[in-house]
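Protein chains get the first letters and strands the later ones, always in sequence-line order, with residue 1 at the start of each.
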Amino acid sequence: MSSPSTAALSEPGSSDLLAWYDCHRRRLPWRALPGEIADPYRVWLSEIMLQQTTVAAAGPYFLAFLQRFPDVFALADAPLDDVLRRWAGLGYYARARNLHACAVVVAREHGGVFPGTEAELLALPGIGPYTAAAVAAIAFDEPATVVDGNVERVVSRLFAVEEELPRARPRIRKLAATLTPARRPGDFAQAMMDLGATICTPRRPACSLCPWNENCEARAEGLQESFPRKAAKVDRPTRFGHAFWAERTDGAVLLRRRAATGLLGGMVEVPGSAWAETSLGGLPENPPLPSNWQPMGTARHVFSHFALELSVFRATFTNDTPPPEGCWWSLEVEKEALPGVMRKVEKVARSAG
DNA sequence: TAGGCGTGGTG
DNA sequence: TCACCAAGCCT
């Protein structure tokens with residue numbers, strides 16, 4: 001890792017980072033005031049929401065959840081569909097299902113008190129190595145090593161780790177552990193993430209403002225933007241389908257619930273065809289009810305591993321039309337647990353075209 | 001263990 | 001427009 005030209009760099013010290021953090025820490029809804037230990041419920045809730053999700057996206061959801069579910073008992077006692085409705089639009093819906101399952105376990109088996117060690121936290125639904133370490137460090141001041149995408153970037157640059165992600169993870173974890181201090185481990189974890197989010201960014205890092213700029217091997221070589229090294233990624237295929245917006249004269253819309261697990265598991269959708277690898281024809285395929293379906297346009301959406309083009313069809317029905325098997329008429333579409341892709345279908349269906 | 005699993009912001 | 005990517009977890 002260290003070439004002769006960089007061997008002279010001194011090791012990065014946690015005190016330099018903590019001093020920077022004390023001046024430049026971000027003020028976030030889930031953070032306790034300086035010197036206070038945060039509420040484990042809030043820390044856990046925020047960490048679940050922040051998995052692969054930006055601070056800006058999670059913020060409003062966090063506040064809404066806290067209002068509707070002020071503690072772990074309120075969350076555990078709520079029906080899953082209430083949780084899914086509040087989560088709708090945030091993505092990765094297995095998080096919401098696991099969030100609810102975790103709340104039930106904590107409420108019923110731990111008396112509503114979150115366990116304080118990494119190992120115990122790791123055993124809970126939806127809590128993996130990152131979240132277990134983050135909650136232990138931030139809410140319980142345990143000296144856990146927290147490694148997320150920010151930390152991977154910071155550490156890979158500090159030590160110029162040539163190995164590619166994801167294979168480099170074990171090495172990065174060991175290096176991160178050598179940096180983690182016994183004192184203020186929670187602040188240190190949040191400082192690492194703040195540094196990665198505001199200074200040591202993926203592109204155009206602001207090295208001149210970094211408290212570790214004299215300790216960074218990548219910067220010493222002028223190669224900071226080329227870390228972390230990453231394996232080439234595969235391209236994303238496109239799938240095609242038909243979606244059917246059936247509306248009664250009183251405004252009710254025909255909906256159904258997806259299977260409990262898998263893509264958009266447990267969420268609500270309008271009826272549609274299966275999603276195929278090749279483009280479907282222009283004629284409506286597998287409509288839920290017979291009608292003169294009108295083409296309204298295309299809803300395009302990108303999931304994590306494929307893109308989707310849904311041809312949207314619309315038809316109206318009388319108020320006495322019985323719903324097909326597995327479907328229901330909803331008069332409150334806005335309150336249903338519709339994922340983002342279905343909101344796009346709705347927009348196309350309600351457009352003038 | 002590598003792939004499944006959402007969505008929105010950014011340069 | 002498009003590629004990248006954001007406080008990952010589960011199987």
Return the set of residues passing ring pair (Phe, Tyr, Trp, His ring centres under 6.0 Å) with A/His100 (not counting sequence neighbours), or none when no residue passes. none
When clusters are formed from ILVMFWY side-chain contacts under 4.5 Å, directly or step by step, what else is grouped with A/Val113? none
A/His301 vs B/dG6: side-chain N/O to OP1/OP2 distance below 4.0 Å: no
In whole angstrom, give the distance that lies between atom CG of A/Leu308 and atom P of B/dG4. 15 Å
Interatomic distance, A/Glu269 CD vs B/dG6 P [rounded to whole Å]: 12 Å
First of A/Asn98 and A/Gln190 reached from the 5' end of DNA chain C, by closest nucleotide: A/Gln190
Whole-Å distance, A/Arg26 CZ to C/dA6 P, equals 12 Å
Counting the atoms with a prime plus P, OP1 and OP2 as sugar-phosphate, which does A/Trp30 contact under 4.0 Å by heavy atoms, base, sugar-phosphate, or nothing? base
To which residues is A/Leu122 joined in a hydrophobic cluster, defined by side-chain heavy-atom contacts under 4.5 Å among Ile, Leu, Val, Met, Phe, Trp and Tyr, whether direct or through other members? none
So does A/Gln52 get a side-chain nitrogen or oxygen closer than 4.0 Å to the phosphate oxygens (OP1/OP2) of C/dA6? no
Could you work out the separation of B/dT1 and B/dC5 based on their C1' atoms and round it to a whole Å? 16 Å
What parts of residues 130-145 of chain A reach DNA chain C, counting only heavy atoms under 4.0 Å away? A/Tyr130, A/Thr131
Backbone N or O of A/Ser14 within a donor-acceptor pair of the A/Trp212 side chain at under 3.5 Å? no
A/Gln51 CD - B/dT7 P separation (whole Å): 16 Å
Taking atom C1' of B/dC5 as reference, at what distance in whole Å does atom CE of A/Met49 sit? 18 Å
Are more than 12 heavy atoms, taken from residues, nucleotides or ligands other than A/Arg42, located less than 6.0 Å from that residue's CZ atom? no
How close or far is atom P of B/dT7 from atom CG of A/Leu50, stated in whole angstroms? 17 Å
For nucleotides 1-3 of chain B, list the nitrogen or oxygen atoms of the protein found under 3.5 Å from its nitrogen or oxygen atoms, one pair per line.
none

Should A/Arg256 and A/Glu269 count as an ion pair when the cut-off is N to O under 4.0 Å? yes
Short side-chain to backbone donor-acceptor contact, A/Asn319 and A/Asp250, under 3.5 Å: yes
Please give the remaining members of the hydrophobic cluster of A/Phe227, linking ILVMFWY side chains under 4.5 Å, ordered by chain and number. A/Leu223
Got a sec? Which of residues 12-25 of chain A come in under 4.0 Å of DNA chain C, heavy atoms? none
Does anything in residues 53-76 of chain A reach DNA chain C, meaning a heavy atom under 4.0 Å, and if so which residues? A/Thr54, A/Val55
Scan A/Arg25, A/Arg31, A/Arg27 and name whichever one has a salt bridge (charged side-chain N to carboxylate O under 4.0 Å, His left out) with A/Asp194. A/Arg31
Classify A/Ile48 by what it touches in the nucleic acid, base, sugar-phosphate, or nothing, heavy-atom distance under 4.0 Å. nothing
Calculate the interatomic distance between A/Met267 atom CE and B/dG4 atom P; express it in whole Å. 21 Å
Electrostatic pair A/Asp141-A/Arg183, nearest N-O below 4.0 angstrom: no
For C/dA6, take OP1 and OP2 only and decide whether either is under 4.0 Å from a side-chain N or O of A/Tyr92. no
Presence of A/Lys230 side-chain N/O under 4.0 Å of C/dC4 phosphate oxygens OP1/OP2: no
Donor-acceptor contact below 3.5 Å, side chain A/Asp16 vs main chain A/Pro211: no
Is there a residue in residues 334-346 of chain A whose heavy atoms reach under 4.0 Å of DNA chain B, and which residues are they? A/Pro339, A/Gly340, A/Val341
Is any side-chain nitrogen or oxygen of A/His305 closer than 4.0 Å to OP1 or OP2 of B/dC5? yes
A/Tyr130 and A/Tyr92: same hydrophobic cluster, using ILVMFWY side-chain contacts below 4.5 Å? no
Closest to the A/Pro202 side chain, choosing from C/dA6, B/dT7, C/dC4: C/dA6
Below 4.0 angstrom, N of the basic side chain to O of the carboxylate: do A/Arg343 and A/Glu334 qualify? yes
How would you label the contact of A/Gly196 with the nucleic acid (heavy atoms, under 4.0 Å): base, sugar-phosphate, or nothing? nothing
Could I get the full list of ring pair (Phe, Tyr, Trp, His ring centres under 6.0 Å) partners for A/His24, not counting sequence neighbours? A/Trp20
Taking only residues two or more places apart in sequence, or in another chain, which ones meet A/Phe240 in a ring pair (Phe, Tyr, Trp, His ring centres under 6.0 Å)? none
CA sep, side-chain torsions, deciding dist, call: A/His305, A/Phe303, ring-ring contact (aromatic ring centres under 6.0 Å, His included): CA-CA 6 Å; A/His305 52 302; A/Phe303 293 99; 7.2 Å; no
N-O pairing of A/Asp82 and A/Arg86 below 4.0 Å: no
Nearest-nucleotide check on DNA chain C, A/Arg203 vs A/Leu28; residue mapping nearer the 5' end is A/Arg203
When rounded to whole Å, the CZ to P distance for the pair A/Arg95 and C/dC9 reads 11 Å
Of all the choices, C/dA6, B/dT7, B/dT10, which nucleotide is nearest to the side chain of A/Arg153 once you look at every atom? C/dA6
Mind checking what makes ring pair (Phe, Tyr, Trp, His ring centres under 6.0 Å) contact with A/Phe317, not counting sequence neighbours? A/Trp293
